[in-house]
Novice: 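Below is the structure I would like to discuss, written out as structure tokens.
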Amino acid sequence: MSSFLLSLAADKTTTGTAMVPASVPAGWTGAAATACQASLDDVVALIAGLDTLMTDAQDAMTAYENAKSQEGEN
């Protein structure tokens with residue numbers, strides 16, 4: 001794994017996140033619409049958590065690569 005690959009994955013996550021609607025269409029009503037909205041809310045929350053994890057992974061990989069680079073300089 002490299003920071004480059006993590007960056008690509010983060011970009012794909014961002015693109016995918018933009019494709020997830022925040023709410024069901026206004027014309028949807030009833031129990032099915034409510035259930036669908038609850039599922040959408042869960043997905044949006046999961047995606048937000050994934051975004052945080054991707055950022056943490058990128059930061060960790062960058063720190064690792066910097067440490068390896070400095071190790072090679074000594």
Side-chain angles (χ1 to χ4, degrees):
M1 187 64 53
S2 68
S3 58
F4 174 72
L5 292 176
L6 285 171
S7 177
L8 289 176
D11 288 346
K12 290 190 180 293
T13 300
T14 299
T15 300
T17 300
M19 297 174 139
V20 176
S23 60
V24 297
W28 291 16
T29 60
T34 302
C36 187
Q37 184 61 55
S39 293
L40 279 175
D41 293 342
D42 291 344
V43 167
V44 169
L46 286 171
I47 290 172
L50 178 60
D51 186 46
T52 299
L53 291 174
M54 288 297 295
T55 299
D56 291 348
Q58 285 179 290
D59 292 346
M61 183 55 73
T62 298
Y64 172 76
E65 289 174 344
N66 289 340
K68 290 293 281 182
S69 175
Q70 290 175 358
E71 182 180 285
E73 293 175 4
N74 293 332

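For the single chain, residues carry numbers from 1 onward in sequence order.
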Novice: Just how far is it from atom CG of Asp42 to atom CD1 of Ile47, taken to the nearest 0.5 Å?
Specialist: 11.0 Å
Novice: If you compare all heavy atoms of Thr62 against all heavy atoms of Ser3, which two are closest, and at what distance to 0.1 Å?
Specialist: OG1-CB, 4.2 Å
Novice: If you measure from CG on Leu46 to CG on Asp41, what distance do you get to the nearest 0.5 Å?
Specialist: 11.0 Å
Novice: So, applying side chain to side chain contact (heavy atoms under 4.5 Å, CB included) with Met54, which one of Thr52, Asp56, Leu50 is it?
Specialist: Leu50
Novice: I'd like to know if the side chain of Asn66 pairs up with that of Gln70 as donor and acceptor (distance under 3.5 Å, no hydrogens or angles considered).
Specialist: no
Novice: Looking only at heavy atoms, what is the nearest atom pair of Cys36 and Trp28, with distance?
Specialist: SG-CZ3, 3.7 Å
Novice: Evaluate the criterion side chain to side chain contact (heavy atoms under 4.5 Å, CB included) for residue pair Gln58 and Ser7; output intermediate values, then yes/no.
Specialist: CA-CA 7 Å; Gln58 285 179 290; Ser7 177; 3.8 Å; yes
Novice: CE of Met61 to CZ of Phe4: how many Å apart, nearest 0.5 Å?
Specialist: 13.5 Å
Novice: Could you walk me through whether Gln37 and Leu40 pass side chain to side chain contact (heavy atoms under 4.5 Å, CB included), step by step?
Specialist: CA-CA 5 Å; Gln37 184 61 55; Leu40 279 175; 4.2 Å; yes
